[in-house]
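Indexing begins at 1, ligand by ligand and atom by atom, following the structure's order. Only this structure's heavy atoms are used, side chains among them; waters, hydrogens and symmetry mates stay out.
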Amino acid sequence: MNRTMNRLSWAAMAALAVTASLGAQGRGQAPAPAAPPPPDFSKVEIKTTKIGTNFYTLDGQGGTIGALVGPDGVFLVDSQFAPLTDKIVAAVKQISDGRIRFLVNTHVHGDHTGGNENLGKLGVVIFARPELRARLAKPSPAANGTTPPGAPPAALPMVTYNSPVTVHMNGEEIRLIPVPAAHTDGDTMVRFPGQDVLMMGDFFRTVGYPNIDRTNGGSLKGMVDGLQAAIDNTTPTTKVVPGHGPITDRAGIAAHRDMIIALRDKVAPLVQQGKTLEEVVASKPTLAFDAKVPMPGTTGDRFVSQLYAELKK
Ligand SMILES: [Zn+2]
């Protein structure tokens, strides 16, 4: 059920919740189940962490942002939520001359693209995969049948690409590497070889179980292949920055991939035996991993449901 939540920005969800409750009142019906309340962005602080000579992560609310800084200006990875843009820009000024020139989105979800419009209006050139651009412009209908509004033109990436792109800036390379159909169908991982950093977006996370957003084009095969591609793009010392959760390394990606494969191989025979989704979830295939996955919450059941759907097709 959290898939819907992940797909929408908090602002869009709040707007939908208001519309739903006004509509329900107007028709004299019980209000639709409300979306969870948005976080109080006024209380969010941006935490800046230096992880390379010219490279920082910025954590506030939503996906981890990466920033390469230097004489040519700033290159950002992901933009968190729109109400945080001022704080993010202020944090970037603390570590650079403040000239944000480029932004790449690792995937379409609102906690990674919500700041696009604000940054686009500041003149930042946004890069992303064409699938991401199309989904931002015209979101898929949510599980409850409502369709969130399309993002305004300033939020849409100006440059799209289907194969790897290298940006040359601040005396080093920034490699935008497409990851086909993994967490979504518009994923990109970003390699900074000069800083020995790999930013992965949400097809790899170090909190909770994996999330294959099938409604936005994600797939099990893409996840497994993408994690292998990530391993192939690292050295043993590479700092691996997930979309959410603490920084890890190549061994962390390999363990995550192995867990996905182990869970796939646990669920596959149950699907072959004709078990229902409820029976498979009830058999708790994740049990052996629950103690190792930080903050699993309900993400284990969600991932088992996604595996079931992927293996059934
Ligand atoms: Zn995501």
By atom name, which N, O or S atom belonging to His183 lies closest to the Zn ion (ligand 1)? NE2
Using only atom types and a distance under 3.5 Å, with no angle test, would you say the side chain of Thr276 pairs donor to acceptor with the backbone of Glu279? yes
Which angle, to 10 degrees, forms at the Zn ion (ligand 1) with NE2 of His107 on one side and ND1 of His109 on the other? 100°
Tell me whether His112 has at least one N, O or S atom under 2.8 Å from the Zn ion (ligand 1). no
Under a plain distance cut-off of 3.5 Å, with no hydrogens placed, do Arg135 and Ser140 share a side-chain donor-acceptor pair? yes
Quick check on the Zn ion (ligand 1): does Asp202 put an N/O/S atom closer than 2.8 Å to it? yes
So which residues get pulled into Phe192's cluster when ILVMFWY side chains under 4.5 Å apart are joined, directly or through others? Ile51, Phe55, Leu68, Phe75, Val77, Phe102, Val104, Val125, Phe127, Met158, Val159, Tyr161, Val165, Val167, Met169, Ile174, Leu176, Val190, Val197, Met199, Val241, Ile247
Does a side-chain heavy-atom distance below 4.5 Å link Val89 with Leu122? yes
